[in-house]
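Have a look at the structure below before the remarks.
Each chain gets a letter, A, B and so on, in the order its sequence line appears, and its residues count up from 1. The figures that follow rest on heavy atoms only: side chains count, while hydrogens, waters and symmetry mates do not.
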2 protein chains.
Amino acid sequence: MTDFNPKDAEYLSKLQDYYANWKSIPSYASLCGVFGIASKSWVKTILTRLSEAGFIERTPDGVWVPMRQFFGRPLAESSVPAGMPVSVDSGQGELFIIDEMLIDAPSKTTLIPVKGDSMIEAGIHDGDVAVVEKRMSANVGDIVVAIVDSEFTLKTLDKERGKFILRPANQAYPVIRPQGVLEIFGVLVGLIRKYRK
Amino acid sequence: MTDFNPKDAEYLSKLQDYYANWKSIPSYASLCGVFGIASKSWVKTILTRLSEAGFIERTPDGVWVPMRQFFGRPLAESSVPAGMPVSVDSGQGELFIIDEMLIDAPSKTTLIPVKGDSMIEAGIHDGDVAVVEKRMSANVGDIVVAIVDSEFTLKTLDKERGKFILRPANQAYPVIRPQGVLEIFGVLVGLIRKYRK
DNA sequence: TACTGTAAAGAACGTTTGTTCTGTTGTCAA
DNA sequence: TTGACAACAGAACAAACGTTCTTTACAGTA
């Protein structure tokens with residue numbers, strides 16, 4: 001991964017605690033107190049590392065902001081769905097609850113289990129759960145759920161000689177060139193995978 | 001109430017827009033650009049009014065922070081399909097991405113951003129978010145977060161001639177054969193990916 | 001013992017920040 | 001047509017801020 005080490009994890013945890021209270025990342029001087037150190041320059045080193053590791057980032061103004069998914073309520077508290085969760089019916093009678101990071105438009109979002117390995121080169125595996133936002137249009141390059149021969153298909157949308165085509169991410173599968181109008185069900189906005197223990 | 005007028009509402013809306021993007025309230029100088037005015041002192045007047053009206057407040061450090069209920073997702077968007085159970089925001093704390101489907105032991109579970117492509121053949125990409133359950137032991141075949149040379153590494157746990165080894169899912173990376181005890185931070189239990197639109 | 005690398009401290013410094021105070025402009029009412 | 005007030009502009013300034021550079025402490029290693 002990165003050169004993110006246990007020591008950094010300790011500082012991250014302190015920053016998360018502070019942020020949970022104040023919802024802001026304060027000045028380097030204040031962070032000295034938060035981290036329990038005396039050196040502003042060392043604070044900078046720590047923040048730079050945390051950002052390289054992907055936990056925080058900077059706005060164009062140079063202000064540090066947390067990547068929200070890592071600075072929420074402590075996971076311990078979220079055993080009951082926290083925040084303003086969204087319930088989405090997978091269509092199979094199962095009920096999943098997912099948060100706003102993956103879902104922008106709850107009423108238009110569905111979960112669809114991925115079958116087959118036609119998109120495996122895009123890191124989408126059999127058994128993964130696709131988070132799909134229902135839309136009838138998409139851009140070239142988007143991964144879309146299209147309806148081909150009355151079946152759902154997950155493919156990358158592309159264009160060839162002015163016509164839309166569906167490109168699998170697996171060389172063993174053919175490119176789909178729909179005759180007539182390509183029917184798009186939605187666009188892939190997220191992916192969830194669960195590893196069995 | 002206060003002398004909060006339509007003009008202030010317009011500024012509030014601009015601030016909300018900015019905040020929706022950057023999750024922070026910038027300096028007075030930057031806010032000049034956001035509000036479309038040229039005077040820092042007027043920015044201060046506006047912010048003071050917004051705080052008197054209860055839309056924002058200041059931390060002890062003097063940093064402006066929004067009152068969350070006014071700076072969240074617009075209510076219209078968070079409506080949930082009828083018939084589905086709805087949980088209500090406690091008012092405090094952020095929203096978390098993941099639900100009970102991915103997390104069994106909330107207090108022991110952490111999210112870690114994936115860096116690099118050493119596990120790409122397992123469909124784990126740079127930028128994905130790993131859901132990790134903290135444990136000190138794991139089984140052969142599990143994908144684990146191990147601490148190697150004081151760094152976090154995501155690899156598949158395997159055994160070779162009675163000794164544990166860490167196997168990357170990318171032929172360009174070497175197998176890691178730790179000398180001494182292999183230090184395991186946790187086990188990968190889930191994966192989340194978000195596609196940008 | 002000497003060398004190396006990491007963690008942290010601390011001083012120096014130019015820039016940015018928020019604040020305050022004084023002007024300017026436009027509008028509406030008397 | 002004058003006065004009052006709200007909406008802004010702009011200058012001045014001390015305090016705070018982030019950055020850079022140098023130094024110290026310490027543990028591991030050769």
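- Between B:Ile37 atom CD1 and D:dA7 atom P there is a gap of 12 Å when expressed in whole angstrom units.
- Remark: the A:Ser39 side chain and the C:dA8 base include no donor-acceptor N/O pair separated by less than 3.5 Å.
- Protein atom CG of A:Leu31 is 12 Å distant from nucleotide atom C1' of D:dG18, rounded to whole Å.
- Looking at residues two or more places apart in sequence or on another chain, you find a side chain to side chain contact (heavy atoms under 4.5 Å, CB included) between A:Glu160 and A:Ile165, A:Arg177.
- Side-chain polar atoms of B:Ser51 and B:Thr48 form no donor-acceptor pair below 3.5 angstrom.
- With rounding to whole Å, B:Tyr11 atom OH is found 15 Å from D:dA6 atom P.
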Name the pairs: protein N/O against N/O of nucleotides 17-19 of chain C, kept only if under 3.5 Å.
from, atom 1, to, atom 2, distance (Å)
C:dT17, OP1, B:Ser27, OG, 3.1
C:dG18, OP2, B:Tyr28, N, 2.8
C:dG18, N7, B:Lys40, NZ, 2.8
C:dG18, O6, B:Lys40, NZ, 3.0
C:dT19, OP1, B:Arg58, NH1, 3.0
C:dT19, OP2, B:Tyr28, OH, 2.9
C:dT19, O5', B:Lys44, NZ, 3.4

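- Between the side chains of B:Asp117 and B:Tyr173, at least one donor N or O sits under 3.5 Å from an acceptor N or O.
- Look at CH2 on B:Trp42: it is 15 Å from C1' on C:dT20, rounded to the nearest Å.
- At a threshold of 4.5 Å between non-hydrogen side-chain atoms, the residues A:Leu191 and A:Val131 do not count as touching.
- Within the 3.5 Å criterion, the main-chain N or O of A:Val144 finds no donor-acceptor partner in the side chain of A:Asp142.
- There is no side-chain donor-acceptor pair under 3.5 Å between A:Tyr28 and A:Trp42.
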